[in-house]
Amino acid sequence: MQQPPASSPAYAPVANRPVRWGLLAAGGIARELAAAIAAVDGGEAVAVAARDGERARAFAQEFGIPRSYGGYDELLQDPEVDVVYISSTHPFHHEQALACIAAGKHVLVEKPTTLTVADTEEVFEAARQAGVLAVEAMWMRFQPIVLDVRDRVHSGAIGDVRSVHAAFPVPFDYDETHRLFDLDNGGGALLDLGIYPVTLAHLLVGHPTHLHVLGSKVPTGADALVALQWMTEQGAVAQVMTDSRSHGTTETVLRGTEGSITLHGPINNPTSFTLRRGEEEETVDGDRRGYEHQVEEVHRCLREGLVESPLAPHADTVAIMTILESARRELGVRYPQEGAPLHT
């Protein structure tokens, strides 16, 4: 567990009072987190901000949040906000996270943390230097069922892992104005959907030594179908697929020298898993409290004075972003916010 570096001002851990949350943006994902904050002990949402002040007021009224702002600067200046949850679309995360950190706020940033590896590293370095907590809101990483599977795999429950297959297809009708297909708004299946199977495979079997990429784009230039395959130093093969145009199962299968594990249900919120070894079979049900687990982890980190979560360390977030960035570069997907390529 990483503490603030000696050169940065260490913050006083939150104790004997609720953690006070500010919500930056008031969309659907913010609603999920607001409900999660209300459902767990140890925290309260005290402010919400949106570009549309009326939308922020309606959101605040619905969730019993005492203050609403029609702009983000006011939220950052609120002295009663400890941590800001950033749930705007991807291209805005970098600037908003840096502004929050500069204002001395801890941040939980919706996945992906930013559009690029360099921007993600900049956010985390700024947080370390400021001595504040920064966590990517990859809610799957904090779920007990996923952590149970990780621990069993790493302890050898299925022997040496030989392969993992993880897929996340979610069908959308093509509309060039929809966020998922709009490059100006961070569109593309890989960053929005594919980040889940890539994260899960990375968590379970590790980083690539080589990476192979196949895929296709829609007319806007955003990726729609992406298949990744990589080999790890330990000799496991990861096969990952995401698609914004097709239906299909999202079960994850790990195969090892002594058994297998199948994760059932949505890849980002599994319902259960089945472990098989020879004739033996064990099924374990999950605790499907969704976003509540990541809220509890932020509370724990703030009480212990941590600048990163051991369950979602900065190094893992950056490593996963390198996979995503390498894959989309190979497919020729580039966001306008990145500027011109260094090489043509």
Side-chain angles (χ1 to χ4, degrees), residues 1-2 32-33 36 39-42 108 111 135-168 193-207 230 232 234-242 249-301 303-304 306 308-317 319-320 323:
M1 292 186 241
Q2 186 171 350
E32 296 283 350
L33 198 87
V40 305
D41 294 330
L108 175 67
K111 57 81 186 166
V135 181
E136 181 179 55
M138 171 48 71
W139 61 301
M140 179 185 69
R141 290 188 76 106
F142 307 105
Q143 294 175 28
I145 190 171
V146 173
L147 298 175
D148 191 356
V149 169
R150 178 204 63 182
D151 292 345
R152 290 178 189 239
V153 168
H154 292 175
S155 66
I158 59 171
D160 296 329
V161 179
R162 300 290 293 164
S163 67
V164 57
H165 182 271
F168 197 24
L193 306 173
I195 191 170
Y196 287 111
V198 170
T199 296
L200 186 58
H202 191 273
L203 182 68
L204 296 176
V205 300
H207 202 67
W230 73 78
T232 71
Q234 292 72 33
V237 171
Q239 295 177 311
V240 170
M241 188 278 290
T242 190
T249 180
T250 63
E251 288 194 330
T252 299
V253 180
L254 293 107
R255 300 175 179 87
T257 55
E258 297 178 23
S260 67
I261 294 177
T262 302
L263 264 164
H264 309 292
I267 194 168
N268 57 353
N269 194 17
T271 57
S272 61
F273 70 86
T274 301
L275 188 154
R276 299 178 178 89
R277 286 175 62 99
E279 299 299 317
E280 298 178 1
E281 182 173 299
E282 176 188 7
T283 296
V284 177
D285 291 327
D287 173 2
R288 301 188 68 207
R289 293 189 296 126
Y291 282 63
E292 295 173 32
H293 302 295
Q294 72 178 358
V295 170
E296 290 172 338
E297 175 64 5
V298 170
H299 292 173
R300 185 185 71 83
C301 289
R303 291 197 177 93
E304 295 183 12
L306 303 180
E308 64 181 285
S309 164
L311 300 183
H314 294 171
D316 278 11
T317 300
I320 289 159
I323 298 173

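For the pair Phe142 and Ala312, the tightest heavy-atom approach, listed with the atom from each and the gap, is CZ-CB, 3.7 Å. Thr242 approaches Gly194 most closely through the heavy-atom pair OG1-N, 3.4 Å. In terms of heavy atoms, Val153 sits closest to Leu204 at CG1-O, 3.7 Å. Contact between Ala201 and Val164 at its shortest, heavy atoms only, is CB-CG1, 4.1 Å. Nearest approach of Leu33 to Gln294, heavy atoms of both residues: CD1-NE2, 3.5 Å. Summarising the geometry of Leu263 relative to Pro270, their closest heavy-atom pair is CD2-CB, 3.6 Å, with the distance given to 0.1 Å.
Applying the side chain to side chain donor-acceptor pair (under 3.5 Å) test to pairs two or more places apart or on separate chains, those with a residue in residues 150-159 are Asp148-Arg152, Arg152-Glu282.
Scored by the salt bridge (Lys or Arg N to Asp or Glu O under 4.0 Å) test, Arg303 finds no partners at all (sequence neighbours excluded). Every residue meeting the ring-ring contact (aromatic ring centres under 6.0 Å, His included) condition with His299, not counting sequence neighbours, appears here in chain and number order: Trp21. Partners of His202 under the ring-ring contact (aromatic ring centres under 6.0 Å, His included) rule, at least two apart in sequence or in another chain, are His207. For Ser260, the side chain to side chain contact (heavy atoms under 4.5 Å, CB included) criterion is met by Arg276, not counting sequence neighbours. With sequence neighbours left out, Thr271 forms a side chain to side chain contact (heavy atoms under 4.5 Å, CB included) with His264, Pro266, Arg288.
Heavy atoms of other residues, nucleotides or ligands lying less than 6.0 angstrom from CG of Asp160 number 12 at most. Remark: Glu280 CD is loosely packed, at most 12 non-hydrogen atoms of other residues, nucleotides or ligands lying under 6.0 Å away.
At distances below 3.5 Å, not a single donor-acceptor pair connects side-chain atoms of Thr252 with backbone N or O atoms of Ala166. Under the 3.5 Å distance criterion, the side-chain polar atoms of Arg141 are matched with a main-chain donor or acceptor of Leu311. Of the possible polar contacts, one joining the Trp230 side chain to the Gly206 backbone as a donor-acceptor pair under 3.5 Å is found. The backbone N or O of Gly159 sits nowhere less than 3.5 Å from a side-chain atom of Thr257 that would complete a donor-acceptor pair.
One distance of note links CD of Glu32 with CD of Glu292; it measures 10.5 Å at 0.5 Å rounding. The OG1 atom of Thr250 sits 11.5 Å away from the CG atom of Leu193 when rounded to the nearest 0.5 Å. Separation of atoms CG (Asp316) and CD (Glu308) is listed at 9.0 Å; rounding is to 0.5 Å. A distance of 5.0 Å separates CG in Asn268 from OH in Tyr196, rounded to the nearest 0.5 Å.
Glu296 and Arg289 are joined by a salt bridge, as a carboxylate oxygen and a charged side-chain nitrogen come within less than 4.0 angstrom of each other. Ion pairing between a basic and an acidic side chain is recognised when a charged N comes within 4.0 Å of a carboxylate O; Lys111 and Glu136 show no such pairing.
With contacts defined as side-chain heavy-atom distances shorter than 4.5 Å, the pair Thr232/Val161 does not qualify. Between Gln143 and Asn269, the closest side-chain pair of non-hydrogen atoms falls below 4.5 Å. Two residues are said to be in side-chain contact when any heavy atoms from C-beta on lie closer than 4.5 Å; Ser309 and Met138 fail this criterion. Counting only heavy atoms from C-beta outward, the side chains of His293 and Asp287 approach each other to under 4.5 Å.
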